[in-house]
Amino acid sequence: MAFFKNIFKHVINDKDPKDNTVTVKDKPKPKYYGTVVPYPNFSASNDAAVLKSAIETKGVDEAAIIAILVKRSNEQRQMIKAVFEASAGKKLELALKSALKSHLEDACLALLMTPAHFDAYLLRKALKGLGTDEDVLIEILATRSNQQIQEIKRVFKEEYKAELEDVIKSDTSGDFTMALLAMLKASKDESTVVDMALAEKDAKILFEAGETKHVNVSTYIDILTTRNNLQLSKTFQQYASVSDVTLPKALDMKLKGDIEKCLLDIVKCAWNTPAFFAETLHHAMKGLGTNENALIRVLVSRSEVDLKKIIDEYKAMFNISLQEHIVKETRGDFEQVLLGLCGSN
């Protein structure tokens with residue numbers, strides 16, 4: 001529960017949708033908080049040629065490969081892929097697979113996927129084989145927009161010849177399945193409108209749902225997966241006025257297992273999505289061992305979304321910069337590709 005103690009009290013009163021917009025030609029436009037931006041004077045043919053040379057040179061020029069992939073937007077990488085295949089006669093992904101290895105290979109291949117393909121790939125991997133990676137399922141479904149979830153479902157069916165909903169039903173169970181399927185509906189309010197009367201009503205409903213002998217989990221799921229984040233933040237505030245404990249503490253006390261983790265993560269994301277990802281990255285590096293897959297997943301998927309905010313939250317939460325922690329926990333070319341995604345190169 002440390003996340004809530006460290007972050008919640010500082011964030012909610014500062015939330016203002018106006019803070020996330022700038023005015024361009026007299027029209028409001030979302031501010032950009034990504035660390036990767038489109039490369040100026042971009043030439044897909046030049047980049048494809050450099051990559052071909054870097055792959056074919058004796059010993060492989062990993063630095064040249066990294067320099068291009070982390071400094072091109074995803075849209076630009078898709079153009080490079082098309083030109084490379086047309087000129088070299090084989091897919092760039094296959095060429096990199098034969099040239100690279102280990103986590104550097106994983107990171108570079110992730111960068112070559114479109115966001116929807118990367119998410120579909122991650123979900124498939126989380127659901128395939130023995131065991132299920134519940135954390136990945138929750139992370140992706142709780143932090144993607146309605147449109148992104150619809151696109152992920154389309155790509156998943158196209159790539160893996162199965163409906164994502166059906167795979168989730170077969171690989172998960174109980175209330176956890178219900179929560180995942182609710183997020184898969186992609187029916188969350190995405191406005192910035194806050195209804196205080198609804199916040200008060202929802203807070204009472206959530207409180208009552210936890211007071212019954214058998215906790216009404218479906219009520220938690222319905223409210224937490226359909227309200228917009230600003231609305232939920234106000235609901236969490238109102239909950240504190242009708243209960244002796246905060247909603248996160250109530251969930252911790254009344255639920256257990258996958259559904260507890262799922263609903264707590266939804267609450268965290270509603271309160272402060274960048275802080276949620278900062279915590280995910282910290283868990284990937286603290287203690288013995290490093291979860292390289294989690295580092296790749298978060299840094300690649302958020303590099304054109306909100307990685308600047310995540311970097312700021314990381315320093316505030318853990319008193320060390322994300323880049324410093326990456327340098328302590330990783331080495332060589334893999335370290336360089338991660339730092340490049342952070343905007344450090």
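The chain is numbered in sequence order, starting from 1.
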Check whether [X] reaches the backbone of [Y] with its side chain - one donor and one acceptor, N or O, closer than 3.5 Å.
X: Ser102; Y: Leu104; result: no
X: Ser301; Y: Arg297; result: yes
X: Asp306; Y: Lys309; result: no
X: Thr35; Y: Gly343; result: no
X: Thr212; Y: His214; result: yes
X: Thr290; Y: Glu292; result: no
X: Thr273; Y: Cys269; result: yes
X: Glu190; Y: Asn146; result: yes
X: Thr177; Y: Thr172; result: yes
X: Ser98; Y: Ala95; result: yes

In terms of side-chain heavy atoms, does Thr114 have a donor or acceptor partner in His117 at a distance below 3.5 Å?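 Short answer, yes.
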Is there a donor-acceptor contact under 3.5 Å linking the side chains of Asp47 and Ser45?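 Distance-only check fails for Asp47 and Ser45.
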Kindly check if the number of other-residue, nucleotide or ligand heavy atoms within 6.0 Å of [atom1] ([X]) is above 12?
X: Lys157; atom1: NZ; result: no
X: Lys254; atom1: NZ; result: yes
X: Tyr121; atom1: OH; result: no
X: Gln78; atom1: CD; result: yes
X: Asp166; atom1: CG; result: yes
X: Lys204; atom1: NZ; result: no

Carboxylate-amine/guanidinium contact [X] [Y], below 4.0 Å:
X: Arg227; Y: Asp202; answer: yes
X: Lys185; Y: Glu165; answer: no
X: Lys153; Y: Glu163; answer: no
X: Glu324; Y: Lys328; answer: no
X: Lys308; Y: Asp312; answer: no

Rounded to the nearest 0.5 Å, how far apart are OG of Ser173 and CG of Asp258?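 Rounded to the nearest 0.5 Å, the OG-CG separation comes out at 7.5 Å.
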Minimum side-chain heavy-atom gap [X]-[Y] below 4.5 Å:
X: Phe176; Y: Leu180; answer: yes
X: Arg154; Y: Glu158; answer: yes
X: Glu134; Y: Cys262; answer: no
X: Asp135; Y: Thr280; answer: no
X: Glu85; Y: Leu92; answer: no
X: Lys188; Y: Thr226; answer: no

Using a 4.5 Å cut-off between side-chain heavy atoms of Ile, Leu, Val, Met, Phe, Trp and Tyr, which other residues end up in the same hydrophobic cluster as Tyr39?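 In the cluster with Tyr39 there is nothing else; it is isolated.
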Hydrophobic side-chain clustering at under 4.5 Å (ILVMFWY, transitive links): who's grouped with Val305? Put none if nobody.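 Noted: Val305 shares its cluster with no other residue.
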Measure across Ile266 and Met183 and return the closest heavy-atom pair with its distance rounded to 0.1 Å.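 Residues Ile266 and Met183, closest heavy atoms: CD1-SD, 3.9 Å.
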Check the angle between the aromatic planes of Phe334 and His103 and answer parallel, tilted or perpendicular using the 30° and 60° thresholds.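 Phe334 vs His103 ring planes: tilted.
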Classify the angle between the aromatic ring planes of Tyr314 and His325 as parallel (below 30°), tilted (30 to 60°) or perpendicular (above 60°).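 Geometry flag for His325 against Tyr314: perpendicular rings.
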Name the atoms and distances for all side-chain donor-acceptor pairs under 3.5 Å in residues 194-201, with sequence neighbours left out.
from: Asp195; atom 1: OD1; to: Ala197; atom 2: N; distance (Å): 3.0
from: Asp195; atom 1: OD1; to: Leu198; atom 2: N; distance (Å): 3.0

Would you mind telling me which of Glu279, Glu313, Glu139 makes a salt bridge (Lys or Arg N to Asp or Glu O under 4.0 Å) with Lys268?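 Exactly one option meets the salt bridge (Lys or Arg N to Asp or Glu O under 4.0 Å) with Lys268, and it is Glu279.
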